[in-house]
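Structure first, then comments.
Numbers restart at 1 for each chain; the letters A, B, ... are given by sequence-line order, proteins then strands.
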Amino acid sequence: MALESPRVRFAPAPSGYLHVGSARSALFNWLFAKRFSGTFILRIEDTNADLAKPEFYQAITTPLEWLGLRWDEGPFYQSERTEKYIEAVANLIDSKLAYCCECTREEIDTRNKETGFQGGYDGYCRNREVSDGPGITIRFMTPKTGIVEIDDLVRGKVEFQNSELEDFVIRRGNGTPVFLVANAVDDADMRITHVIRGEDLLNTTPKVILLWEALDFGKPPKYAHLPLLVGDDRKKLSKRRHSVALSDFRNQGILPEAMTNYLALLGWGPPDEKEIRPIQEMIDLFDLENVNKSPAFFDEKKLRHINGEYIRALPPEDFVTLAISYFEETDWQPTNLNRQALAILAPDLQERTEILADLKPLVYWIFEENIPEETNEKELKKIGKAMQSEKVAEVLDLVITQLKDCSWDENSIGEVISGVGETLSAKSQVPVRIAVTGRRIGLPLYKPMAILERSLIIQRLIDARSKLA
RNA sequence: GCCCCGUUCGUCUAGCGGCCUAGGACGCCACCCUCUCAAGGUGGUAGCACGGGUUCAAAUCCCGUACGGGGUACCA
């Protein structure tokens, strides 16, 4: 399909953190570039100086790097290329394809109200020869007839009547050009061959193409509009409505590989339906023509599942390294963190970890001196009700006695606890677990118990026992 | 309102006229395994929006209707 190697761009506006919808667009561009040995360009669309804040730039690059989506060229900043756009606007004015307009929004609205005109701007200044100056906007002279036809790689043929398009603003009253001009100029300048972006931009495409033709840029790039990512309300993912910052997922312990894997599955699927696979295989199979047309729901449950698969597939040593660096980056630094203990428990932990944030409750009792008391007491009482507290007390008493002089290893500990259960015909494991870990559920008990000091375990059992009295 | 796009299990998808009594995955439910919880295994649940065509044959093609979404800015 692509004879020459394609050049694509990811062109976000710096308006806060990067969210998963943008990340998906970036990923598809990247996949496409990789698939056809093309070039992936990062371009920051900060034509609107009011919105673009410097700290937002990193908010784009950091998550992209985290995901492993390296760009080959850029980042280019449109704010640094303003002259080019101004020049383009001037060209359009010279060739009578654009004109100065002094109308304010209010004036336009008032006129439209009176005349009942519904097509946006009414063309009031089209032939008024308004001269340029402060506060004057430039509008493109949209052809009154004809159509713009887009052969969208995802959607097929899409047609827009020129008569439906208003004379849109291409330069603001403050002299800065809008993104439509910047888009056309940059895509031409950077020799972009394929524009891959969200469907929310589909309606702006005819305007850019009209500008493109008016500027005599030759053959426009091919377009591919991806289905939108939506939230549980079925509306476009937005920062306002949904919590979708890439950095949040990172903080929760989503692995970048899992994230890209999941994102690749939204709006597209490998033909053989094998969903979880290395990114290289995704690249080899990727094809824009198989991208779906309908919006995709961003399903965090499935993301978590995929993440769990990735975590389980990790070699234990890698998992340990990952867990340690995760702890370093996040809010909880285990006091007695012990790499060796982590290594011993790694396989058991991996099975129970969907996201890295799941680790804290699993290992808290192992790496901290004290377990949360409230939990401990509450849980004990709960189990006490089910089993009768005397029984629980009996179990703990006997376990304490026997644990004091058994040999201190996984098997012996297990034998003691299950032995007590048998002699008292009670469930012994759960009360001990609560006493020692503070929780009713968790890792298989005996292995991590053996890692800790006997004295510490005994002490916790005694503490718990005393709360029952 | 107008323009544009879309519609296969709750969700993501396979399907590009006969292989479909519609397949997979997530979720959910049950059972097995089991020191709790997981993981794993087995089974189950549930879908072609509707109405007309075209055709020997339609989830697949065409036209309507309904519903959903996007856009409609001196945001991108």
Please tabulate, for side-chain N and O atoms in residues 235-244 of chain A, each donor-acceptor pair with protein atoms closer than 3.5 Å (sequence neighbours left out).
unit_1: A/K236; atom_1: NZ; unit_2: A/D200; atom_2: OD2; d: 3.4
unit_1: A/S238; atom_1: OG; unit_2: A/R240; atom_2: N; d: 3.4
unit_1: A/S238; atom_1: OG; unit_2: A/R241; atom_2: N; d: 3.1
unit_1: A/K239; atom_1: NZ; unit_2: A/S15; atom_2: O; d: 3.2
unit_1: A/K239; atom_1: NZ; unit_2: A/S15; atom_2: OG; d: 3.4
unit_1: A/K239; atom_1: NZ; unit_2: A/Y17; atom_2: O; d: 2.8
unit_1: A/R241; atom_1: NH2; unit_2: A/K236; atom_2: O; d: 3.0
unit_1: A/H242; atom_1: ND1; unit_2: A/S238; atom_2: N; d: 3.2
unit_1: A/H242; atom_1: NE2; unit_2: A/D233; atom_2: OD1; d: 2.9
unit_1: A/H242; atom_1: NE2; unit_2: A/D233; atom_2: OD2; d: 3.4

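A/D186 pairs with exactly one of A/K84, A/R9, A/R43 by the salt bridge (Lys or Arg N to Asp or Glu O under 4.0 Å) rule, that one being A/R43.
Atom OH of A/Y446 and atom C1' of B/C37 are 13 Å apart (whole Å). Rounding to whole angstrom units, CG of residue A/D167 and C1' of B/A73 are separated by 15 Å. Remark: C1' of B/C75 and CD of A/Q78 are 13 Å apart, rounded to the nearest angstrom. The separation between A/E351 atom CD and B/C33 atom C1' is 12 Å, rounded to whole Å.
Projected onto RNA chain B by closest heavy-atom contact, A/K235 and A/G173 fall at different nucleotides, the more 5' of which corresponds to A/K235. Toward the 5′ end of RNA chain B lies the nearest nucleotide of A/G120, the other residue of the pair A/G120 and A/N183 mapping further downstream.
Rounded to whole Å, the separation between the P atoms of B/A46 and B/C62 comes to 32 Å. When the P atom is used for both B/A57 and B/G64, the distance is 23 Å, rounded to whole Å. B/C4 and B/C63 have their P atoms separated by 14 Å, given to the nearest Å. Nucleotides B/G47 and B/A14 are separated by 13 Å at their C1' atoms, to the nearest Å. Of the P atoms belonging to B/G6 and B/A49, the separation is 15 Å, rounded to the nearest Å. Straight-line distance between the P atoms of B/C28 and B/U60: roughly 33 Å, to the nearest whole Å. Distance check on atom P: B/U42 versus B/G24 gives 12 Å, rounded to whole Å. Here the separation of B/G44 from B/C26, taken at their P atoms, is 15 Å to the nearest Å.
Sorted pairs that involve residues 141-165 of chain A and meet ring-ring contact (aromatic ring centres under 6.0 Å, His included), not counting sequence neighbours, are lacking altogether.
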So if I define the base as every atom that isn't primed, P, OP1 or OP2, how would nucleotides 3-16 of chain B read as a B/S/- string at a heavy-atom cutoff under 4.0 Å?
SSSSS---SBSS--
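Relative to the side chain of A/H305, the nucleotides B/G70, B/C74, B/C26 differ in distance, and B/C26 lies closest. Taking every side-chain heavy atom of A/D200 into account, B/G70 is the closest of B/G70, B/A39, B/G1. For A/V169, the listed nucleotide lying nearest its side chain is B/C74; candidates were B/G69, B/C74, B/A76.
Every residue meeting the salt bridge (Lys or Arg N to Asp or Glu O under 4.0 Å) condition with A/D109, not counting sequence neighbours, appears here in chain and number order: A/R105. With sequence neighbours left out, the side chain to side chain contact (heavy atoms under 4.5 Å, CB included) criterion links A/A450 to A/I413. Residues that satisfy the salt bridge (Lys or Arg N to Asp or Glu O under 4.0 Å) test with A/D409, not counting sequence neighbours, are absent from this structure.
The main-chain N or O of A/L452 is found under 3.5 Å from a side-chain atom of A/W408 such that the two form a donor-acceptor pair.
As judged by a 4.0 angstrom heavy-atom cut-off over every strand, A/K274 is placed among residues making no nucleic acid contact. Residue contacts for A/C103: at a heavy-atom cut-off of 4.0 Å it reaches a base atom on one of the strands shown.
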